Chemist: 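Dumping the structure here so I can ask a few things about it.
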Amino acid sequence: MFDCPAFSAACEWSGVLQRKTNTDPAFAQWLIAAVEHPVTPERIALWQEELQQSCATLSADAAIRRTLRRLRQRVFYTLMVRDIGGMAPFTEVVQATTYLADLAVGLAYRHTMEDLSQTYGKPIDPDTGLPQEMLVLGMGKLGGKELNVSSDIDLIMLYGNEGETTGRRRISHHEFYGRLTQRMMPLLSEPDADGQVFRTDLRLRPDGDGGPLAWSLEALEHYLISQGREWERYAWLKARHLPGRAFEDSQPVQQWEDVENLRRPFVYRKYFDFDALAALRALRERIREDWQRKVLTRTGIEATHNVKLGDGGIREIEFIVQLNQLIRGGRQPSLQQRGLLKALHKQKAAGVLPAEVADGLEQAYLFLRRTEHMLQYREDQQTHLLPTQSEQWEALARAMGLSRQTFEDSLARHRQFVHQVFRNAFRLAGMGEDEESGSQSRSTEADLGSDTPLEELLRQHLGDQAAAMSERIKVMLDGQRVRKLSNNSRARLDALLPAAVEAAAATGNPAQTLSRLLELIERIAQRSAYLALLTEYPNTLARMARLMDASPWASQYLTQYPLLLDSLIEWRSLMAPLDLAAQAEQLRADLEACVLPDGSPDVEQQMNLMRDVQHQVSFQLLAQDLDGSLSVEALADQLSALADLFLETTLERVWPPIRARHPEAPEKPKFAVIAYGKLGGKELGYASDLDLVFVYDDPNPEAPDYYTKLARRATSWLTTLTSSGRLYEIDLRLRPDGDAGLLAVSLEGFEQYQRTQAWPWEHQALTRARFVAGDAALGERFETLRREILLLPRDLSALRAEVIQMRAKIAAGHPNRSKLFDIKHDPGGMVDVEFITQFLVLAHAAAHPVLLDNLGNIALLRLAAGDGLIPTDLAKRVSDVYRVYRKAQHALRLQGASMARAEPSQFEQERAAVRQLWEHVLG
């Protein structure tokens with residue numbers, strides 16, 4: 001009848017389309033023309049206008065009903081034909097359906113609000129005196145903008161403040177918004193001759209069917225804080241406010257922001273609540289078992305025939321993705337996506353899911369969702385059940401554009417893959433569980449630790465120190481922190497203590513390690529999430545004990561930042577090589593996602609995020625360091641590169657608001673950060689300060705003003721103590737004129753100072769300077785200038801005297817009154833090696849330019865020997881000594897030493913080699 005292959009294929013599959021077009025040939029003609037173009041929001045809006053005009057003679061109520069139902073017919077049937085004909089991608093189908101729902105809810109809301117307001121008057125916000133809108137939240141796939149073609153829609157109705165309407169028949173806001181909700185729903189869900197628009201479901205609201213139809217924000221806040229459950233976090237993850245206003249003079253933006261300020265911390269928690277794991281596992285079991293029983297009871301068909309709820313179905317994919325969001329989204333804001341595919345892409349980019357797993361889940365999701373749509377196209381029903389008759393299987397495969405065998409094989413492959421991933425969802429989420437092998441690294445309080453009484457365990461493992469440690473535990477348990485614990489937390493603590501004793505007993509220094517463990521446990525005792533972590537994952541406790549035994553500094557770091565504890569769950573991830581490029585990309589993505597409800601950057605969250613990431617990466621390096629996987633040089637390189645990353649990232653974050661106030665400023669600042677000292681030499685330690693100088697090169701007369709602001713703001717971002725700590729300590733005294741100098745100096749001014757006013761020691765410092773962040777072209781110009789300054793002619797006798805004098809000042813500033821050898825500052829120590837190298841560069845770079853590059857002391861000694869400036873064998877010995885010193889200094893710092901000092905006899909030969917080179921070079 002109609003020359004349209006896609007239309008014919010759709011009619012072959014869909015009984016509802018056949019009946020519609022047989023009884024309405026005009027609609028069939030319209031449809032064949034409509035399917036030639038994508039279904040976009042613009043087309044849907046045009047259809048709405050056409051239909052509204054055709055209903056102009058009807059009453060307002062009848063007009064809105066007919067317009068919405070016939071609009072839904074157009075969208076549904078056009079998508080059906082385009083989808084079956086292979087013309088509409090998945091995104092077109094779900095986005096068009098979502099837009100239709102948004103539009104329909106908005107029209108129904110405005111119509112009902114106008115109608116009710118004529119009877120009761122307008123609801124007025126008592127804070128502003130303006131009309132107060134009802135806030136409509138879309139949940140589930142509607143919230144995620146991935147609505148299926150024959151879906152119901154989950155809604156939650158909210159309003160801002162309590163009050164009264166303004167009409168002669170005044171009623172409370174509570175009553176008004178309840179009536180508004182009650183009258184809205186039939187406009188959307190009540191069937192008539194034109195069908196229905198969307199079935200509506202309000203059961204996701206607080207207290208479900210037992211609660212009010214509409215909730216005030218104050219009541220919602222109280223509910224989420226005091227009663228919100230884990231499955232509700234799962235449900236609220238996709239919650240989205242739907243567009244639509246009934247009053248031109250209303251201002252609902254602040255109330256929408258208030259809703260988001262409630263939703264986000266309820267769903268996404270920075271400190272993951274390990275108490276929630278049991279609820280999430282229960283939710284998974286419900287998905288695996290409860291739905292199967294319900295489907296079997298309701299239809300007599302096994303859940304394996306259900307593409308949504310059965311094994312390997314859509315619901316399992318949703319659980320996998322949303323589990324990762326609930327666990328990690330609080331710390332990685334880029335994962336806070338409402339749409340499933342967007343969330344999956346972000347998890348792949350962040351390395352939360354392996355690429356092959358993410359790709360497999362995406363392919364399965366698209367296949368299963370398209371299959372779901374085909375099932376719903378057949379009779380316009382919200383079904384997820386595969387056919388049971390052979391001819392229907394054939395027809396379904398044809399509608400999918402596949403042979404039956406190919407369709408069955410693809411369906412089986414995707415579902416098997418999804419179910420396998422679902423079974424291992426907690427392991428993939430970093431929670432240490434592996435169902436495939438049947439082993440679990442988690443436990444419960446019941447099987448944690450030993451049945452042996454605590455006092456007996458102390459005697460068995462600590463011997464003479466048992467009594468003192470018993471008293472230490474008694475003091476802790478009698479302390480105010482522990483006395484305030486809930487019964488549940490106290491039970492966990494009581495179960496944890498014997499396990500802590502046994503974990504400490506497995507280390508080389510049981511009493512010392514147990515003391516450090518107790519210090520951390522006492523600190524975290526009031527956070528039930530941490531107690532739950534240690535009881536759920538006893539391997540974490542054992543790993544923590546090994547780290548604390550190896551290094552008191554590591555113990556202090558963990559105690560200061562207990563947020564790092566869950567890093568110990570997945571030891572393999574912690575010991576994986578650091579991919580700093582991927583880390584940088586992920587950091588930028590997460591920072592971009594740190595926004596306030598109004599869309600502006602959330603500066604406080606961004607600053608905390610940077611500190612949390614710095615702690616996490618540093619802890620990863622610390623674990624590898626203590627494991628012996630990193631040399632001191634490799635560790636310093638990684639820590640220096642990490643600092644470079646945070647300096648670059650800081651500039652990226654602080655410049656845009658400054659430029660917004662200075663439109664004359666360039667889009668990218670002509671500004672560079674120059675590192676001196678340990679960062680300049682790439683010898684940074686865990687707690688090293690950053691010696692920085694800020695330079696710029698911009699002819700604009702206003703440049704000194706906005707670059708000074710940039711330097712000040714960047715310094716503040718790095719050094720401000722937030723709830724997550726401090727990023728770095730910054731030392732700016734090496735800038736021209738020191739503390740009296742400008743915070744940011746022009747490159748021209750920097751050059752003039754270096755050529756005419758700088759002291760020799762400042763040129764010494766310049767040998768270790770390097771560009772680390774900002775304008776790369778300016779960084780290259782700085783490097784050229786640095787080389788020129790180092791090439792300046794110098795009087796060697798005067799230079800030698802200046803270097804010796806400066807060395808004496810350094811020694812006087814670090815007196816050593818002990819009998820120990822100060823590895824860094826005493827004669828024959830590290831500072832001597834550094835001064836020797838700096839003198840060689842300043843004295844001989846003009847004749848030996850190979851010394852100009854900032855390559856580090858060891859490489860420069862080798863190059864100086866290669867050019868005949870120092871004996872080769874002595875250069876090699878001192879290079880080895882410098883390595884030994886750095887390693888010893890690092891080891892002492894990890895053991896908590898504030899100064900790197902050792903027995904003089906331990907380094908007699910090393911000191912002699914350094915003194916010999918000093919005499920050779922400086923006399």
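Only a predicted model underlies this, so the values are computations on that prediction, with no experimental measurement involved.
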Chemist: Tell me every residue that passes side-chain contact (heavy atoms from CB on, under 4.5 Å) with Glu260, counting only those two or more places apart in sequence or in another chain.
Modeler: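 Result, side-chain contact (heavy atoms from CB on, under 4.5 Å) vs Glu260: Arg263, Arg264, Arg338, Pro597.
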Chemist: Ignoring hydrogens and angles, tell me if any N or O in the side chain of Thr97 forms a donor-acceptor pair with the backbone of Val149 under 3.5 Å.
Modeler: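 Judged by distance alone, no pair lies under 3.5 Å.
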Chemist: State whether the side chain of Arg43 and the backbone N or O of Pro38 hold a donor-acceptor pair below 3.5 Å, judged by distance alone.
Modeler: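 Pair found, side chain donor or acceptor close to backbone of Pro38.
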Chemist: Any chance you could lay out the side chain to side chain donor-acceptor pair (under 3.5 Å) test for Asp598 and Ser600, step after step, and finish with the verdict?
Modeler: CA-CA 6 Å; Asp598 65 1; Ser600 62; 2.7 Å; yes
Chemist: Determine, for Glu175 against Arg179, whether the closest basic-nitrogen to carboxylate-oxygen distance falls under 4.0 angstrom.
Modeler: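 Counted as a salt bridge, because a side-chain N and a carboxylate O are separated by less than 4.0 Å.
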Chemist: Checking Asp380 against Arg72 for the salt bridge (charged side-chain N to carboxylate O under 4.0 Å, His left out) test, could you report, in this order, the C-alpha distance in whole Å, the side-chain angles of both residues, the deciding distance, and whether it holds?
Modeler: CA-CA 12 Å; Asp380 191 10; Arg72 194 264 173 181; 2.6 Å; yes
Chemist: Give the C-alpha distance, both sets of side-chain angles, the deciding distance and a yes or no for side chain to side chain contact (heavy atoms under 4.5 Å, CB included) between Phe90 and Arg370.
Modeler: CA-CA 7 Å; Phe90 172 75; Arg370 187 158 187 256; 5.8 Å; no
Chemist: Looking at Ala10, is its backbone amide N or carbonyl O close enough to the side chain of Ser14 to form a donor-acceptor pair, meaning the two atoms are under 3.5 Å apart?
Modeler: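 Checking the backbone N and O of Ala10 against the side chain of Ser14, no donor-acceptor pair under 3.5 Å is found.
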Chemist: Are the aromatic ring centres of Tyr77 and Phe7 under 6.0 angstrom apart?
Modeler: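 Ring-ring flag for Tyr77/Phe7: false, centres at least 6.0 Å apart.
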Chemist: Test side chain to side chain contact (heavy atoms under 4.5 Å, CB included) on Val595 and Asp602; report intermediate values, then the result.
Modeler: CA-CA 5 Å; Val595 293; Asp602 187 336; 5.7 Å; no
Chemist: The test is side chain to side chain donor-acceptor pair (under 3.5 Å); show your working for Asp258 and Gln254 and say whether it passes.
Modeler: CA-CA 6 Å; Asp258 292 341; Gln254 182 58 55; 3.0 Å; yes
Chemist: Between the main-chain N or O of Leu137 and the side-chain N or O of His241, is there a donor-acceptor pair closer than 3.5 Å?
Modeler: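 No, the answer is negative, given that no donor and acceptor are paired below the 3.5 Å cut-off.
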Chemist: For the residue pair Tyr177 and Gln132, confirm or rule out a side-chain donor-acceptor distance under 3.5 Å.
Modeler: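 Side chains of Tyr177 and Gln132: pair found under 3.5 Å.
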Chemist: With a 6.0 Å cut-off on the ring centroids, do Tyr234 and Trp231 count as close?
Modeler: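 No, the ring centres sit 6.0 Å or more apart.
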Chemist: Donor-acceptor pair, Arg378 side chain versus Trp13 backbone, under 3.5 Å?
Modeler: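 Between the backbone of Trp13 and the side chain of Arg378 there is a qualifying donor-acceptor contact (under 3.5 Å).
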Chemist: Between Ser334 (side chain only) and Ala589 (backbone N and O only), is there a donor and an acceptor less than 3.5 Å apart?
Modeler: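 No; zero donor-acceptor contacts below 3.5 Å.
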Chemist: Could you check whether Asn261 and Glu257, counting side-chain N and O atoms only, form a donor-acceptor pair closer than 3.5 Å?
Modeler: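 Looking only at side-chain atoms, Asn261 and Glu257 do not form any donor-acceptor pair under 3.5 Å.
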Chemist: Which atoms form the tightest heavy-atom contact between Arg233 and Leu326, and what is the distance?
Modeler: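 Here Arg233 and Leu326 meet closest at NH2-O, 3.6 Å.
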Chemist: Side chain to side chain contact (heavy atoms under 4.5 Å, CB included) for Met113 and Phe176? Distances and angles first, verdict last.
Modeler: CA-CA 10 Å; Met113 177 65 87; Phe176 180 86; 3.6 Å; yes
Chemist: How far apart are the C-alpha atoms of Arg183 and Asp61, what are their side-chain angles, what is the distance that settles it, and do they pass the salt bridge (charged side-chain N to carboxylate O under 4.0 Å, His left out) test?
Modeler: CA-CA 11 Å; Arg183 288 201 191 180; Asp61 194 69; over 6 Å; no
Chemist: Return yes if some donor-acceptor pair links the side-chain N/O of Glu372 with the main-chain N/O of His384 below 3.5 Å, else return no.
Modeler: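 Checking the backbone N and O of His384 against the side chain of Glu372, no donor-acceptor pair under 3.5 Å is found.
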Chemist: Just by modelled atom types, is the Asp194 backbone N or O under 3.5 Å from a matching donor or acceptor in the Arg70 side chain?
Modeler: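 The answer is no, because no donor-acceptor pair under 3.5 Å joins these two groups.
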Chemist: Go through the steps to decide whether Tyr377 and Leu17 satisfy the test side chain to side chain contact (heavy atoms under 4.5 Å, CB included), and finish with yes or no.
Modeler: CA-CA 8 Å; Tyr377 290 141; Leu17 177 61; over 6 Å; no
Chemist: Do the side-chain N and O atoms of Gln255 and Glu133 include a donor-acceptor pair separated by under 3.5 angstrom?
Modeler: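 On atom types as modelled, these side chains do not qualify, holding no pair under 3.5 Å.
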Chemist: Can Glu318 and Lys141 be said to form a salt bridge (charged side-chain N to carboxylate O under 4.0 Å, His left out), step by step?
Modeler: CA-CA 10 Å; Glu318 293 172 338; Lys141 288 187 174 67; 2.7 Å; yes
Chemist: With side chain to side chain donor-acceptor pair (under 3.5 Å) as the test, would you mind laying out the steps for Ser390 and Arg404 before giving the verdict?
Modeler: CA-CA 10 Å; Ser390 178; Arg404 175 172 177 175; 2.6 Å; yes
Chemist: Distance-only check: which donor-acceptor pairs under 3.5 Å involve side-chain atoms of residues 216-223, not counting sequence neighbours?
Modeler:
residue: Ser216; atom: OG; partner: Ala219; partner atom: N; Å: 3.1
residue: Tyr223; atom: OH; partner: Arg229; partner atom: NH2; Å: 3.1
residue: Tyr223; atom: OH; partner: Glu232; partner atom: OE1; Å: 3.1
residue: Tyr223; atom: OH; partner: Glu232; partner atom: OE2; Å: 2.7

